[in-house]
Amino acid sequence: MSSLSVGVVKESAPGERRVALVPEVVGRVFGAGFDVLVEAGAGSAAWFPDGAYAEAGAAIVTRDDLFARADVVLTVGQPDADTPASLHAGQTLVGLLQPLRNPAAMGALAAAGVTAVSLDGLPRTLSRAQAMDALTSQANVAGYKAVLVAADAYARYFPMLMTAAGTVRPAEVLVLGAGVAGLAAIGTAHRLGALVRGYDVRPQARGEIESLGASFLDLAGVASGAGQGGYARDLTVDELLAQQEALAAAVARHDVVITTAQVPGRHPPLLVTEKTIKMMRSGSVIVDLAASALGGNAELSVPGATVVTDNGVTVIGADNLPSEIPSAASTVYARNILALLEYLSHDGRFSIDTTDEIQAGIVITHDGRVVHPAIAELVAEPKDGS
Ligand code: NAD
């Protein structure tokens, strides 16, 4: 029986520098029973040249060849509009496909007979799923990089310094949202010597923030927002307004604010309003990891852009930080993909079984249908992605 082949595409989203498989993981993908095809130039933006893949045993092919021959197409980001037409029935597409934001693309993949597997829906609290948890691996990278981006834009030191020219006070950094990215940011800012505070609407985050050497920002009059599965729930409009109000003074007294708050499947909550940004000191920096076309955590953030306000606040819409540290992000992503390939394949074949708890979360389309119930509902009744 011939082996299944996996194909690694060159990402097509503007500015995307990551790649789904890196040379050091290619050998292990062979070991799992797959042949490996790599589109020419797929890894070059992440500093993985074609030659390194070829040395690891992969075949370097054109994009057309890859779509024609690969049984499993590996990608990082969501498919572009041409992808469903490039794929054929029986193929599997694996990536962070953002099906909640792209139900129409999922419908098109189902119609093309493609099995779409999206790591966004992984049940992350299951310990057997953790090696495949690409949301966590990418959020860790993003949180780290957010601090470097902030430190670069901030015109002063992060650490406290005692010098012959006197004492330099440390930067005061506030991290809003203490999930995976927020905790990575808190740890990194603390290691750089800043005075760090963290806040999350889930009260459970307090212990995690404090264990990293930061203090928890207590906000009076804000409801607990713990939801299902360790995630936050969507706050009501009144709760969100109360939160914005309570956050305003705290945000304004910090030099650097890094925002990472998300609620799965919903628009990011607006935590830092324009009015609050106007209260901040000149030279302050906001890095908004939630910046997106659907809005972000900071009112003035523009995804992929840096805005300097009239009162001298730099607002960075950091919508894809993992792509700015592409070698590290791709390496951990590739390990997640390897774990997924190992999980889904048996005796050289892919076995799709949506009664399995993990597969029920990640298999979006199969056998010509959208099999994931939440996505099927969106495909049937298109909404605005919220
Ligand atoms: P996320 O990206 O969905 O959200 C980031 C953070 O924003 C969360 O901590 C959330 O509580 C917070 N948030 C949402 N609305 C907010 C608001 N209005 N104000 C302030 N903060 C707000 O979260 P994530 O990073 O994917 O992690 C979510 C949870 O899953 C965490 O509890 C994390 O520890 C847990 N998790 C567990 C595992 C595991 O068990 N292996 C793996 C990954 C994540």
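We count ligands from 1, going down the list as the structure has it; atoms in each ligand are counted the same way. Treat the numbers as computed from the prediction; the structure is a model and nothing was measured.
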For Asp82, does its backbone N or O pair with a side-chain atom of Asp80 as donor and acceptor, under 3.5 Å? yes

Hits for side-chain hydrogen bond (donor to acceptor under 3.5 Å, both in side chains) against His190, two or more places apart or cross-chain, chain-then-number order -> none

Could you tell me whether the side chain of Arg128 reaches within less than 4.5 Å of the side chain of Glu357, counting heavy atoms only? yes

Protein residues near ligand 1, heavy-atom distance below 4.0 Å? Arg124, Thr125, Gln130, Asp133, Thr136, Gly177, Ala178, Gly179, Val180, Tyr199, Asp200, Val201, Arg202, Gly230, Tyr231, Ala232, Leu235, Gln243, Thr260, Ala261, Gln262, Val263, Pro269, Leu271

Counterpart residues, side-chain hydrogen bond (donor to acceptor under 3.5 Å, both in side chains), relative to Asp71 (two or more places apart): Ser5

Is it true that the side chains of Ser137 and Arg335 contain a donor and an acceptor less than 3.5 Å apart? no

Sequence neighbours excluded, every pair satisfying salt bridge (Lys or Arg N to Asp or Glu O under 4.0 Å) that has a member inside residues 158-179: Arg169-Asp255, Glu172-Arg197

